[in-house]
Amino acid sequence: MTRYWLMKSEPEVYGLDHLRAERRDHWDGVRNYQARNMMRDQMKKGDLAFFYHSNCKEPGVVGIMKIVREGYPDHTAFDPESKYYDPKSDPENPRWYMVDVQYVRRLKRPIGLRELRAYANAELRDLPLLRRGNRLSIMPVTPDQWTFILDLERAPPPTAGD
DNA sequence: GCCAACGTTGGC
DNA sequence: GCCAACGTTGGC
């Protein structure tokens with residue numbers, strides 16, 4: 001069973017173009033327990049994920065990637081030179097995990113957070129992204145939500161005033 | 001750059 | 001185990 005996810009990244013740090021250039025990369029630097037648990041325990045090879053640009057001018061879903069390696073220790077936590085270094089994690093007892101992802105495609109047009117919000121009380125009611133104060137950088141997406149968002153891709157982009 | 005919301009830390 | 005202080009996230 002394919003599962004679906006949404007994963008946030010700041011485009012200035014690591015955007016969809018970075019992944020497209022690499023084709024495949026590890027999703028490192030996640031330092032939140034809920035997000036870690038999902039990568040360590042729930043993500044499976046073949047799962048699909050939306051690539052979401054956060055903390056930028058036009059936050060929103062911009063692309064699709066595939067999980068190609070299941071959870072394994074995030075080695076950046078072991079490296080004192082890394083900005084993701086965590087002295088409380090070590091190879092004997094790793095605290096943080098990551099998965100490997102592969103670039104699939106860019107969306108025909110970005111689906112902005114503002115556009116998604118228009119369905120916050122309807123089709124996307126339960127999408128954690130739209131819940132107040134949500135800070136999860138990785139979250140599950142139901143098959144219905146996945147299909148709904150992909151259908152938006154084919155619709156004309158919203159114009160001002162929508 | 002501001003700041004609301006949330007997670008984590010650490011004293012007690 | 002409580003909770004105040006602090007740090008981080010992320011939209012605006």
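Every chain is numbered from 1 and lettered A, B, ... according to where its sequence line falls, protein lines coming before strand lines.
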**OP:** Could you run through nucleotides 4-11 of chain C and give me one letter per nucleotide, 5' to 3': B if any protein heavy atom sits under 4.0 Å from the base, S if only the sugar-phosphate is that close, - if neither?
**Re:** ---BBSBB
**OP:** Could you check Ser89(A) against Arg31(A) for side chain to side chain donor-acceptor pair (under 3.5 Å), going step by step and ending with a plain yes or no?
**Re:** CA-CA 11 Å; Ser89(A) 186; Arg31(A) 295 294 179 266; over 6 Å; no
**OP:** Give Arg132(A) one of three labels, base, sugar-phosphate or nothing, depending on what nucleic acid heavy atoms sit under 4.0 Å from its own.
**Re:** sugar-phosphate
**OP:** Would you indicate what Lys88(A) reaches in the nucleic acid, counting non-hydrogen atoms under 4.0 angstrom: base, sugar-phosphate, or nothing?
**Re:** sugar-phosphate
Original post:
Taking only residues two or more places apart in sequence or in another chain, which ones pass side-chain contact (heavy atoms from CB on, under 4.5 Å) with His75(A)?
Top reply: His26(A), Phe78(A), Met98(A)
Original post:
Is the Tyr33(A) to Trp96(A) ring centre distance short of 6.0 Å?
Top reply: yes
Original post:
Quick one: do Arg20(A) and Asp17(A) make a salt bridge, cutoff under 4.0 Å?
Top reply: yes
Original post:
salt bridge (charged side-chain N to carboxylate O under 4.0 Å, His left out) between Arg109(A) and Glu115(A): does it pass, once the steps are laid out?
Top reply: CA-CA 12 Å; Arg109(A) 63 180 187 88; Glu115(A) 182 174 356; 2.8 Å; yes
